[in-house]
Amino acid sequence: MVAGYGWETVALAFAMTMLAGLSTGIGGLIVALKSSPSHRFLASSLGFSSGVMVYISLVEILPKGIAEVGEAPGVAAFFVGVALIAVIDRLVPEDVNPHEPLEAQQSSRLAKAGLLTAVAIAAHNFPEGFATFMAALADPVLAAPIAVAIAIHNIPEGIAVAAPLREATGRKWRAAGWATFSGLAEPLGALIGFLLLLPFMGPSTLGYSYAAVAGIMVFISFDKLLPSAFRTGHHHHGIYGVIAGMGVMAVSLILMP
């Protein structure tokens, strides 16, 4: 037992976080193979991920947190989560922010841009890993679509790392490796966050954590996923994806025993 959880539950939560994080490697693989999904598919997928995360955060995770600590503290923790990920986002320079458009650069700067992007993505993914892990601890079944949503949005991040490195060095598999490596920040964030909270783990700690996780996920959806979907030039496909994601989660929660 670990803080009231069976080893199997903790291991499953960590495995889900690891798989979600390492999906940046899929983006690296796409670059290595010179393949690219259509813009319509990207817009729909990113919108779908956003819909899943917003719906689960506001309908399931935040209410669970409020049920443990009360409405006012739970709402406060929600906005602390929003502030945390917003501060991290602001600390990343705009010219290497992986969620901003990657402008054309000279070859001599591409390698540096790729490595800086990997660092920026790692900084963003650290709290995402903790959020995914805590959601999986609360309910692995509920967290499964969250992990999938995080994985989908990590794929373009892997592309953002691998593409400039491939062009600069010509070593496509090394570029794909760096893309995969950048995703390790998510399981690392899960592990460090869990170890820090372990001595204080209890109903109140979990309640505050759930509410903060909901805030992190809502911010990720509005600041990362939707803008990335809209930048493809297929705004409506992104919105259709959002509604579809919410609809799928609504039905699954209704049918969930």
Side-chain angles (χ1 to χ4, degrees), residues 3 13-14 16-18 20-21 24 46 49-50 52-94 96-100 116-138 142-143 146-147 149-151 153-154 157 182-228:
F14 188 77
M16 292 172 69
T17 306
M18 175 73 77
T24 54
L46 292 168
S49 299
S50 179
V52 166
M53 291 174 63
V54 169
Y55 193 89
I56 289 181
S57 295
L58 298 181
V59 174
E60 282 288 314
I61 300 178
L62 179 57
K64 279 189 176 183
I66 289 175
E68 293 290 348
V69 300
E71 185 171 4
V75 170
F78 173 86
F79 284 104
V80 167
V82 170
L84 172 64
I85 188 66
V87 167
I88 291 174
D89 192 69
R90 291 296 298 172
L91 290 177
V92 177
E94 289 188 5
V96 297
N97 192 321
H99 305 107
E100 300 298 331
L116 287 175
T117 301
V119 172
I121 286 174
H124 282 80
N125 286 356
F126 196 86
E128 290 177 18
F130 176 69
T132 306
F133 182 79
M134 292 303 297
L137 277 183
L142 183 67
I146 294 176
I150 291 287
H153 112 265
N154 278 348
E157 294 186 347
S182 69
L184 289 176
E186 294 205 4
L188 182 62
L191 180 62
I192 292 177
F194 182 64
L195 292 177
L196 288 175
L197 289 178
L198 188 57
F200 314 102
M201 198 66 75
S204 294
T205 302
L206 290 175
Y208 286 118
S209 297
Y210 295 153
V213 160
I216 290 171
M217 290 187 172
V218 168
F219 186 91
I220 290 169
S221 298
F222 291 149
D223 185 63
K224 299 182 182 181
L225 302 185
L226 281 179
S228 296

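Worth knowing before you read on, the calculation uses all heavy atoms, side chains too, and leaves out hydrogens, waters and symmetry mates. Nothing here was measured: the structure is a model prediction, and the numbers come from that model.
- Qualifying ring pair (Phe, Tyr, Trp, His ring centres under 6.0 Å) partners for F78, counting only residues two or more places apart in sequence or in other chains: none.
- Residue A211 comes nearest to L62 through the heavy atom pair CB-CD1, 3.9 Å, listed as atom of the first residue, atom of the second, then distance.
- Across all their heavy atoms, V82 and G215 have their closest contact at CG2-O, 3.4 Å.
- Annotation: side chain to side chain contact (heavy atoms under 4.5 Å, CB included) contacts of T17 (sequence neighbours excluded): T132, F133, E186, A190.
- For E60, the side chain to side chain contact (heavy atoms under 4.5 Å, CB included) partners at least two apart in sequence or on another chain are I56, K64, L142, L253.
- The CG atom of L191 sits 4.5 Å away from the CG atom of L195 when rounded to the nearest 0.5 Å.
- Residues N154 and G21 come closest through the heavy atom pair ND2-CA, 3.7 Å.
- Listed here is the closest heavy atom pair of V213 and M134: CG2-CB, 4.0 Å.
- Remark: A212 engages no residue in a side chain to side chain contact (heavy atoms under 4.5 Å, CB included) (not counting sequence neighbours).
- One finds the CG atom of L188 at 9.5 Å from the CE atom of M18 (value rounded to the nearest 0.5 Å).
- Closest of all the heavy-atom pairs between Y210 and I61 is O-CG2, 3.1 Å.
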- Message: The test is side-chain contact (heavy atoms from CB on, under 4.5 Å); show your working for F219 and L84 and say whether it passes.
- Response: CA-CA 10 Å; F219 186 91; L84 172 64; over 6 Å; no
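- Considering only heavy atoms from C-beta on, V80 stays 4.5 Å or farther from Y208 through its side chain.
- Expressed to the nearest 0.5 Å, how far CD of E68 lies from OG1 of T205 amounts to 10.0 Å.
- What you find for S204 and V69 is that their closest heavy atoms are O-CG1, 3.4 Å.
- Under the side chain to side chain contact (heavy atoms under 4.5 Å, CB included) criterion, S57 pairs with A214, M217, V218, sequence neighbours left out.
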